[in-house]
Amino acid sequence: MNTFFKNTLKIALALVIVFTAASFMSDVIDISGLSVEHLKADKPMFGTAEYAYDPGQADTPEKTLASKVNWTILIFVILMVLVLANAMDISKYTAKITGRETVNQTNVNKWMMLIFLILGFIGVIWEYIYHGKFILMNNSSSEHGVDYDSMFSITLILTSIVFFMTQFLLFMFSFMYAHKEGKKALYYAHNNRLELLWTFIPAVVLTILVLRGHQTWKSVVYAEENHKGKINSVEVFAYQFGWKARYAGEDGIMGMSDYKFISGTNELGLAVKSEVDMLLEELKLQIIADEETVKNLNTTILDGLMADFAAADGVKNYKSMESIQKKIDAVKNGDRLSDLKESIERKKKQIERILAIQNDEKIFASTFTPAAIDDIIAQEIHIAKDSLVTFNFRSKDIIHSAWLPHFRAQMNVVPGMPTKFTFRPTKSTAEAKAENDEEFDYYLYCNKICGVSHYNMKIKVVVESQAEVDAWLKTQSSPFMKKTEVVPAIMNDSLQMTNDTLKRVALR
Amino acid sequence: MSTATIDSHKVDHHGDAHGHHHKETFITKYIFSTDHKMISKQYLITGIIMGCLGMFMSMLFRLQLAWPDESVPFLETLLGKWAQGGKIDPNYYMALVTIHGTIMVFYVLTAGLSGTFSNLLIPLQVGARDMASPFMNMLSYWFFFLSSVVLLSSFAVETGPASSGWTVYPPLSALSKAMPGSGAGTTLWLVAIILFIVSALLGGINYITTVLNMRTKGMSMNRLPLTIWAFFLTAVLGLLSFPVLLGAGLLLIFDRSFGTSFYLSDIHLNGVGALTNSGGSPVLYQHLFWFLGHPEVYIILMPALGISSEVISTNARKPIFGYTAMIISLIGISFLSFIVWGHHMFITGMNPFLGTMFMYVTLIIAVPSAVKTFNYLATLWKGNIRFTPAMLFAIGLVSFFISGGLTGIYLGNAALDIQLHDSYFVVAHFHLVMGSAAIFGMFAGIYHWFPKMFGRMMNKTLGSMHFWLTFISAYLVFFPMHFMGLAGVPRRYYQFSLIPEFGIWMDVNVLITVSAWLGGLAQILFLYNFFYSIFKGPIASTNPWESNTLEWSTKLKHIHGNWEGDIPTVYRGPHEYSRPDRELDYFPQYEKGNGEPEHYHGPVTAVDNSYEGKKEKASTVFFSSFAYLFSMKRA
Ligand code: HEM
Ligand SMILES: [Cu+2]
Ligand SMILES: [Cu+2]
């Protein structure tokens with residue numbers, strides 16, 4: 001009793017010290033000095049001050065609390081090291097490591113178990129309360145999301161109960177049954193009834209969860225099939241690194257598309273005859289240019305590179321010397337040649353396959369319908385509140401994943417395999433802004449690693465009334481309606497390449 | 001039993017034979033050694049080195065996440081062109097994450113963990129002179145070593161190491177123009193993994209054969225320590241699933257280098273144009289990968305569970321609770337782990353009906369896992385716990401196993417996974433249940449069997465400190481990640497500061513990074529303790545933990561063939577601790593008793609006086625702790 005009391009007092013005292021120190025530090029000290037010394041110290045490490053990212057949150061009480069708690073944790077860890085070092089009499093050990101125990105390790109560890117249990121639970125509960133506020137729960141912006149959220153809450157409650165119970169027992173047992181001289185443990189090898197009990201209870205609980213999950217899952221994945229009426233649809237097109245939305249134009253029909261039709265001016269590869277013809281011409285020109293290059297590879301081109309190298313050498317521009325040397329090497333060891341040959345093959349094949357479509361009457365007729373011509377291509381996704389919408393996903397290159405966290409919706413976007421996701425948005429952007437703040441917007445994020453800019457690949461999603469969506473659609477471009485309009489700046493690498501090759505050929 | 005007897009005789013003879021030609025050179029003893037104990041040490045040291053590298057990589061890229069807009073000049077010194085201006089290049093960030101994941105999963109927790117302890121313990125604990133095929137065993141290590149070298153050499157490649165994630169999904173990994181790391185770096189990654197698979201298969205065949213055929217007299221399957229059961233089932237899992245990864249890898253190599261289209265179709269790549277590939281399916285790769293990938297997480301976890309069973313039983317001085325149930329759970333987990341791979345693919349666009357099926361089987365796996373957890377708790381109950389460092393780590397493992405296992409219930413639920421897939425919630429989940437739990441199992445094993453491996457003791461104090469620091473920092477690193485994921489933060493993002501919505505997580509990111517560095521630095525305690533003790537630690541006694549299992553019956557000094565005389569006979573199960581009918585609180589398997597029964601079935605004499613006379617019922621286990629809390633009888 002006595003020792004327990006004393007130890008409780010000690011813990012309480014330590015806690016008081018930690019919290020006082022933390023609140024003092026978080027008010028007074030900017031910790032940026034503690035970070036790597038050379039860091040530009042314009043941002044605090046744990047902040048009460050404003051973040052550029054998040055001006056709205058700056059000096060709210062929660063922010064200060066967060067900062068205090070972060071401080072608490074940091075100080076706590078440091079304190080823990082000191083206490084441990086002290087308790088275990090580390091100085092003696094660093095002088096000479098021997099096997100002797102100079103302190104009673106059992107006691108230290110036993111009490112650490114209890115302390116960890118208590119502080120751990122406080123920490124977990126604090127996380128639930130403080131960070132729990134940010135998690136997406138009970139605020140879904142889609143119909144199935146409500147169901148999802150309740151499913152999630154049930155799981156959260158059940159697992160939390162088990163979590164607290166089992167962790168409690170684990171650390172309590174460790175604390176209670178620590179080694180004592182002369183004590184003998186209980187020989188207790190098994191108890192079938194007990195084991196059945198804890199096989200049976202999890203099994204029942206999991207059955208409930210799985211049946212419930214099955215319901216939710218079915219309602220989500222079969223939403224389109226189960227719905228009789230009209231469903232709005234948007235094609236969501238993913239590429240390295242961005243998204244495009246395509247809507248059917250006036251005619252209400254989405255045109256056909258094919259990755260082989262993609263060109264600088266036809267980023268989504270729509271089946272528009274004039275565009276595809278242009279692409280064919282372009283490809284033929286490129287082949288000619290490439291063949292030209294192959295012919296001159298070991299003569300003019302190599303000489304040119306040599307001359308470039310000499311020039312760079314003259315001004316001692318090592319960087320460009322290095323890159324030119326690489327090109328020279330590629331020519332000499334045949335890499336360049338095989339690249340070119342492969343590129344020619346590829347383009348020939350592409351022409352062949354496009355022609356195969358064009359030359360087969362049936363396929364031609366079903367592909368090159370007028371439907372594609374008035375399709376609208378947009379940089380934002382606008383969808384109507386309260387009506388079912390299907391996102392049809394298509395990828396240009398790599399697997400991406402379209403994640404709409406606020407709608408509890410996600411689907412991979414796979415090249416060569418159309419995927420889709422159907423849901424009913426129930427909260428307009430305006431409503432969501434009112435709930436959160438003015439800055440708030442829905443986004444669709446890429447959630448499957450897809451290359452260097454994966455982290456910066458998102459598109460805004462706007463939920464508004466059907467009338468507003470229609471009005472917005474009017475302002476968007478149908479690139480193939482008025483031929484004079486826009487050559488989009490992005491994604492025209494291939495065009496760029498063509499121009500370069502043409503220029504090079506022209507130069508010779 | 002008869003086969004075992006015959007075999008052990010045969011092996012006896014083999015052991016004698018070794019006695020004669022005793023001329024060992026440095027090379028045969030330390031490098032191309034065929035002795036399982038030496039190979040085990042080789043695995044361990046290689047694993048530790050790889051572990052340090054993997055951990056250091058995570059510490060580096062955590063800097064980027066915590067201070068995305070700052071410059072950290074030492075990064076430029078360290079990484080050169082990949083961190084110009086002290087900021088890690090996004091391509092290199094992905095490479096670090098990828099290699100970190102690969103190293104941790106395969107090199108540390110598959111080879112480092114299984115390789116070390118299966119090699120050390122299987123012959124010693126079943127009573128065999130060596131592995132079934134020592135030569136193959138040696139090859140296994142050297143393939144692993146070669147594989148490590150190849151993997152690390154990809155850092156020397158101009159375009160950087162593989163960077164499409166440890167899962168290396170095509171098309172990203174298949175097209176060298178899709179990402180710099182998908183060039184030569186990925187080729188090396190694939191070669192390394194193929195070498196690795198060869199190593200795993202050579203090892204696995206050996207482990208299985210040895211366990212099945214080379215047990216000593218009396219060592220029936222139901223007297224095997226749980227470690228051996230775990231290593232055995234792990235080897236079976238590996239043997240059945242690694243070949244599938246080999247296939248997946250070979251097809252990927254074909255796609256990359258020979259123009260086939262197993263995984264590729266309808267691709268138009270920036271800067272290249274429309275590719276000719278058609279008819280392949282990237283989802284096929286995912287099926288193949290996860291057919292290994294899911295068993296792989298159990299390949300990682302099960303040895304750790306086996307080790308902790310042994311360590312907990314020994315140090316709680318109690319029989320492991322429900323020995324048979326533990327084995328059945330392991331078998332159940334092994335079997336089920338082959339049919340749940342699709343839970344990694346709920347939202348790949350595969351048929352939703354398949355998703356349903358995978359959800360059902362996945363949640364069934366939670367049942368044996370729950371049984372194991374409760375059995376651990378029951379083993380601790382009314383024990384006489386010795387807090388050796390190994391025991392501390394084993395308790396930590398149970399804690400992580402609970403925390404991480406519970407979040408598996410969310411992710412296994414197809415409906416919930418729609419939202420949680422590839423979010424930070426997943427990162428939190430697998431780091432707790434697979435990463436931290438298995439690493440703690442490995443530490444438990446190292447601290448526990450260090451005396452067996454090196455004949456000396458590690459320092460307990462440093463061990464305890466190492467445990468507490470690592471334990472606390474691991475929770476600080478991974479627990480907050482749950483909330484980030486639930487709030488909608490995707491994983492594998494290089495930088496969050498471009499996305500204003502994620503601003504609220506900036507200080508959490510700092511906290512995580514600081515904790516990761518603390519945890520990383522805490523490993524110095526371990527490294528110091530480990531290497532110092534190898535040479536200067538106090539000499540161990542033969543059976544320092546007063547353990548029951550066979551390995552402690554061997555002499556301290558390692559000899560070829562393990563036992564000088566005959567291999568001891570086994571008389572009982574491995575966990576006969578604290579039997580009331582004995583003076584000592586342990587009863588080695590190899591000690592011939594005076595006609596005592598194998599298990600003690602006599603009247604339960606409560607040793608713990610606070611519960612005198614009460615019979616052990618289910619409710620007692622649960623309520624005694626509460627009772628204790630409120631009455632505080634023992635303080
Ligand atoms: C030193 C402690 C560790 C820290 C601080 C750490 C941190 C991280 C972080 C921040 C990521 C990136 C998450 C993302 O953006 O997707 C990651 C990825 C990963 N980590 Fe760890 N980790 C640690 C230890 C481990 C261990 C012990 C394992 C063993 C299983 C592990 C396995 C992985 C895997 C498989 C990935 C995924 C790689 C990928 O996305 O391809 N890590 N780690
Ligand atoms: Cu993407
Ligand atoms: Cu899995």
Side-chain angles (χ1 to χ4, degrees), chain A residues 1 4 36 38-39 46 53-54 70 84 88 93 97 99 106 109 131 134-135 159 166 169 172-173 177-179 183-187 189-190 194-195 198-199 202-203 206 210 213 216-217 221 259-260 262 349-350 396-398 405 408 410-412 415-416 419 447 449 451-452 455-456 493-494, chain B residues 70 72-73 90-91 165 171-172 179 265-271 274 276 317-319 322 325 347-349 352 363 367 370 374 377 380 382-387 402 406 413-415 418-419 422 457 459 461 465 483 486-488 490 492-494 498 503 507 511 538 578-579 607 618 625 635:
Chain A
M1 192 66 205
F4 182 79
V36 185
H38 308 70
L39 291 183
F46 302 125
Y53 322 119
D54 194 20
N70 280 342
L84 270 171
M88 297 179 173
Y93 282 96
I97 297 187
T106 312
N109 281 315
H131 283 141
F134 301 131
I135 73 178
T159 50
T166 44
L169 291 180
M172 267 329 266
F173 285 170
Y177 301 115
H179 173 75
K183 188 174 88 168
K184 208 164 174 188
L186 176 72
Y187 181 86
H190 69 107
L194 203 54
E195 285 166 63
W198 60 52
T199 311
L206 286 163
V210 96
T216 313
W217 171 249
V221 292
Y259 81 105
K260 295 189 283 292
I262 293 175
K349 187 96 184 187
Q350 189 178 355
K396 176 177 171 232
D397 35 39
I398 302 298
R408 318 291 188 258
Q410 182 171 199
M411 181 50 72
N412 283 5
T419 55
N447 197 21
I449 176 175
V452 62
Y455 65 100
N456 195 15
D493 299 17
S494 47
Chain B
E70 316 279 2
V72 187
N91 278 312
L172 184 59
M179 186 177 207
S265 185
D266 296 20
I267 293 168
H268 188 291
L269 208 55
N270 284 349
T276 48
R317 313 308 290 164
K318 280 189 66 183
I347 57 153
T348 49
L363 291 193
V367 176
F374 289 124
L377 293 179
L380 290 176
K382 291 203 173 180
N384 186 17
I385 300 173
R386 301 175 174 177
F387 288 115
I402 295 171
L406 285 171
N413 187 326
I418 294 174
Q419 172 82 349
D422 260 0
M457 303 295 283
N459 182 269
T461 309
M465 291 194 59
F483 294 86
L486 293 175
R492 290 166 170 167
Y493 268 30
Y494 160 71
L498 290 180
D507 53 354
L511 172 72
S578 300
R579 273 168 68 147
V607 219
S625 50

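These numbers come from the heavy atoms of this one structure, side chains and all, not from hydrogens, waters or symmetry mates. Every chain is numbered from 1, with letters handed out A, B, ... down the list of sequences.
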Highest number of heavy-atom pairs under 4.5 Å with chain B: which of A/Thr419, A/Val221, A/Thr216, A/Ile449? A/Ile449
Mind listing the closest non-hydrogen atom pair of A/Tyr455 and B/Tyr493 along with its distance? O-CE2, 3.6 Å
Would you say A/Lys183's side chain and B/Gly383's backbone share a donor-acceptor pair under 3.5 angstrom? yes
Between chain A and each of B/Pro352, B/Gly322, B/Ala370, count heavy-atom pairs under 4.5 Å; write down the option with the most. B/Pro352
Atom CD1 in B/Ile385, atom OG1 in A/Thr106: separation rounded to 0.5 Å? 10.5 Å
If you take all heavy atoms of B/Lys318 and A/Leu186, which pair is closest and at what distance? CE-O, 3.2 Å
Part of B/Asn91 lying under 4.5 Å from any heavy atom of chain A: both
Please check if the side chain of B/Gln419 supplies one atom and the backbone of A/Pro405 the other of a donor-acceptor pair under 3.5 Å. yes
Just verifying a value: how many Å separate B/Ile402 CD1 and A/Thr166 OG1, rounded to the nearest 0.5 Å? 3.5 Å
A/Trp217 side chain vs B/Ile418 backbone, donor-acceptor pair below 3.5 Å: no
Close side-chain approach of B/Pro171 and A/Pro415, heavy atoms under 4.5 Å: yes
Output the distance between atom CD1 (B/Ile347) and atom CD (A/Gln410), rounded to the nearest 0.5 Å. 3.5 Å
Closest non-hydrogen atom pair, B/Ala325 against A/Glu195: CB-OE1, 2.9 Å
So NZ of A/Lys396 and CG of B/Leu269: to nearest 0.5 Å the spacing works out to 7.0 Å
Pick from B/Leu406, B/Leu172, B/Asp266: which one has the most heavy-atom pairs with chain A under 4.5 Å? B/Asp266
A/Asn447 versus B/Pro490, closest heavy-atom pair with distance: OD1-CB, 3.2 Å
Quick one: closest heavy-atom pair of B/Ala415 and A/Gly213, and the distance? CB-O, 3.7 Å
Of the non-hydrogen atoms in A/Asp397 and B/Ile267, which two are nearest, and what is the gap between them? O-CG1, 3.6 Å
Return the OH to NZ distance between A/Tyr177 and B/Lys382, rounded to the nearest 0.5 Å. 6.0 Å
Winner by heavy-atom pair count (cut-off under 4.5 Å) against chain A, out of B/Val367, B/Leu380, B/Leu486, B/Asn413: B/Leu486
Starting at NE2 of B/His268, measure out to OH of A/Tyr259 and round the result to the nearest 0.5 Å. 9.5 Å
